[in-house]
2 protein chains.
Amino acid sequence: MLGGRFGPGERILLREVAAELGISLTPVRDAVNRLIAEHVLERGSSGQGGGAVVPRMDVVRFDELLTIRCDLEGRAAARAAERCASGDLGVLDELLAEMKALIRDQNLNVYLDLHRRFHFELYALARMPILEGLIENIWLRCGPVLTYVIPDYVLLEKGSDLHTAALSALRAGDADAAATAIRQDIREAGRYIVGLADAAGLIENPAVSHRPQAHAAS
Amino acid sequence: MLGGRFGPGERILLREVAAELGISLTPVRDAVNRLIAEHVLERGSSGQGGGAVVPRMDVVRFDELLTIRCDLEGRAAARAAERCASGDLGVLDELLAEMKALIRDQNLNVYLDLHRRFHFELYALARMPILEGLIENIWLRCGPVLTYVIPDYVLLEKGSDLHTAALSALRAGDADAAATAIRQDIREAGRYIVGLADAAGLIENPAVSHRPQAHAAS
DNA sequence: CGCCTTCGATCGTTATAACAAACAACGAAG
DNA sequence: CTTCGTTGTTTGTTATAACGATCGAAGGCG
């Protein structure tokens with residue numbers, strides 16, 4: 001259900017999903033309400049036009065999410081550098097090596113999975129479970145844009161370098177360097193994503209869009 | 001329902017609350033599930049011992065919450081300093097003056113209300129609604145400890161000074177100073193709260209508690 | 001006397017039907 | 001032709017009953 005099956009602005013109807021899954025309204029409503037509580041979905045107005053919708057994204061909102069990610073994940077990386085033992089880094093080494101191979105092969109889907117695992121394995125070393133939950137939530141809230149951009153996503157070497165830098169910082173126990181690397185990684189990828197999504201017209205950019213916002217009105 | 005009616009570890013039974021409010025199970029279940037999704041409550045194991053419980057707090061957990069607060073609210077303060085106009089600060093001036101008067105009078109309850117309003121009025125100036133929501137959530141998750149400590153809370157002048165410093169930084173447009181003041185405020189209050197709660201045995205401190213943890217087993 | 005099984009009570013979950021709100025389409029009056 | 005009221009449909013919400021899982025206590029067996 002979270003596999004990007006719904007795009008931004010798309011309505012999700014309880015009875016529809018319930019029928020599709022062959023279950024009653026109640027569990028579907030529970031699940032949707034939970035996602036709404038986590039701000040992964042938004043509540044559409046009741047009545048005929050009701051239903052839950054995946055929130056529309058615009059550049060200022062996406063930039064705010066990116067800023068929060070920098071703070072949260074920068075903190076997690078710094079704390080990980082302070083707390084990790086050298087034995088903890090084996091998994092990250094393997095992950096990074098696999099990721100580099102996948103970049104050469106331009107294998108997108110499995111790369112993205114490993115990319116996610118790399119980040120969260122790293123953050124897990126910080127031993128801050130509450131922070132980890134918050135980061136996971138922000139990733140979910142960034143999700144809708146990403147799933148749309150993915151088909152056009154081109155694998156970059158630059159991100160890989162920043163991952164390497166972060167891992168080196170962890171090995172050196174350098175908290176500041178780890179935080180900086182992660183923050184740069186987030187900003188770098190963010191700029192790239194915004195460029196792609198804006199060009200595809202998927203992110204609403206009411207102020208400074210390079211095209212007349214004909215679709216923004218709907 | 002959020003007025004601190006339940007203490008850490010206390011079970012909340014759906015049928016009980018439903019009967020008390022004279023309504024059906026469903027809306028109660030919805031509300032509780034939402035609070036669980038927001039991590040304000042935790043799910044007790046099903047069956048006879050089921051029910052929702054307010055999460056127990058310990059020092060490492062509380063410290064993690066404080067660290068996150070420093071990052072989030074520090075960012076909000078910095079951004080507020082960058083974005084606020086001088087005309088926006090009138091409300092904060094009035095709030096601060098009232099707060100100082102209430103400290104002299106040792107009027108606790110209304111002080112805490114104004115204290116909260118001061119912080120969130122300040123963060124609102126950052127115009128980062130997503131960040132604001134996250135901060136609100138973290139405050140809620142800190143709530144259980146605070147409501148227990150409040151009766152013994154003694155109003156400090158120090159916090160007031162840090163609030164003044166933050167406001168001055170906003171007026172000067174100094175982002176770093178604003179963030180620093182807010183972070184110090186959080187750490188200062190945090191240290192004080194931990195001291196009170198630990199002395200009262202309300203926070204579990206398994207490792208370095210100054211007393212034998214007789215109550216921790218229950 | 002101790003341990004394992006079994007039964008019963010408790011409590012969250014699911015299903016189903018009735019309810020309420022809200023939007024859209026239609027029709028009548030101006 | 002426009003505008004306002006009405007009606008019908010759609011969709012989330014609430015109530016109620018049946019279900020399933022789990023924990024504790026009682027009773028039988030070693």
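The sequence lines fix the lettering, A, B, ..., with proteins before strands; numbering per chain opens at 1.
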What nucleotide among C:dT13, D:dT11, C:dC11 has an atom nearest to a side-chain atom of B:Asn33?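 In terms of side-chain proximity for B:Asn33, the closest of C:dT13, D:dT11, C:dC11 is C:dT13.
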Ring-plane angle category for B:His119 and B:His163, please: parallel below 30°, perpendicular beyond 60°, tilted otherwise.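 Correct class here is perpendicular.
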So for A:Arg43 and D:dG12, does any side-chain atom that can act as donor or acceptor lie under 3.5 Å from a complementary atom in the base?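 No such pair is found, so the answer is no.
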Spacing of [X] atom [atom1] relative to [N] atom [atom2], expressed in whole Å:
| X | N | atom1 | atom2 | value |
| --- | --- | --- | --- | --- |
| A:Leu41 | D:dG12 | CG | P | 12 Å |
| A:Ile12 | D:dG12 | CD1 | P | 10 Å |
| B:Leu14 | D:dA17 | CG | P | 17 Å |

Please tell me whether B:Arg29 and A:Thr26 have a donor and an acceptor in their side chains that are separated by less than 3.5 angstrom.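 No donor-acceptor contact under 3.5 Å links the two side chains.
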Cut-off 3.5 Å, no hydrogens considered: what does the side-chain donor-acceptor table look like for residues 88-96 of chain B, sequence neighbours left out?
{"residue": "B:Asp88", "atom": "OD2", "partner": "B:Ala85", "partner atom": "N", "Å": "2.8"}
{"residue": "B:Asp93", "atom": "OD1", "partner": "B:Arg171", "partner atom": "NH2", "Å": "3.4"}
{"residue": "B:Asp93", "atom": "OD2", "partner": "B:Arg171", "partner atom": "NH2", "Å": "2.6"}

Any chance you could lay out the side chain to side chain contact (heavy atoms under 4.5 Å, CB included) test for B:Arg187 and B:Leu66, step after step, and finish with the verdict? CA-CA 7 Å; B:Arg187 281 292 173 201; B:Leu66 248 50; 3.6 Å; yes
Evaluate A:Asp30 against A:Arg34 for side chain to side chain contact (heavy atoms under 4.5 Å, CB included), listing each step before the verdict. CA-CA 6 Å; A:Asp30 282 358; A:Arg34 175 178 166 174; over 6 Å; no
Output a table of nitrogen or oxygen pairs between the protein and nucleotides 14-16 of chain D separated by less than 3.5 Å.
{"residue": "D:dA15", "atom": "OP2", "partner": "B:Ser24", "partner atom": "N", "Å": "2.9"}
{"residue": "D:dA15", "atom": "N7", "partner": "B:Thr26", "partner atom": "OG1", "Å": "3.0"}

Under the ring-ring contact (aromatic ring centres under 6.0 Å, His included) test, which residues partner B:His39, sequence neighbours left out?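 Here no residue qualifies.
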Would you kindly compare B:Arg15 and A:Glu16 by the position of their nearest DNA chain D nucleotide and give the one closer to the 5′ end?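 Final value for this comparison: A:Glu16.
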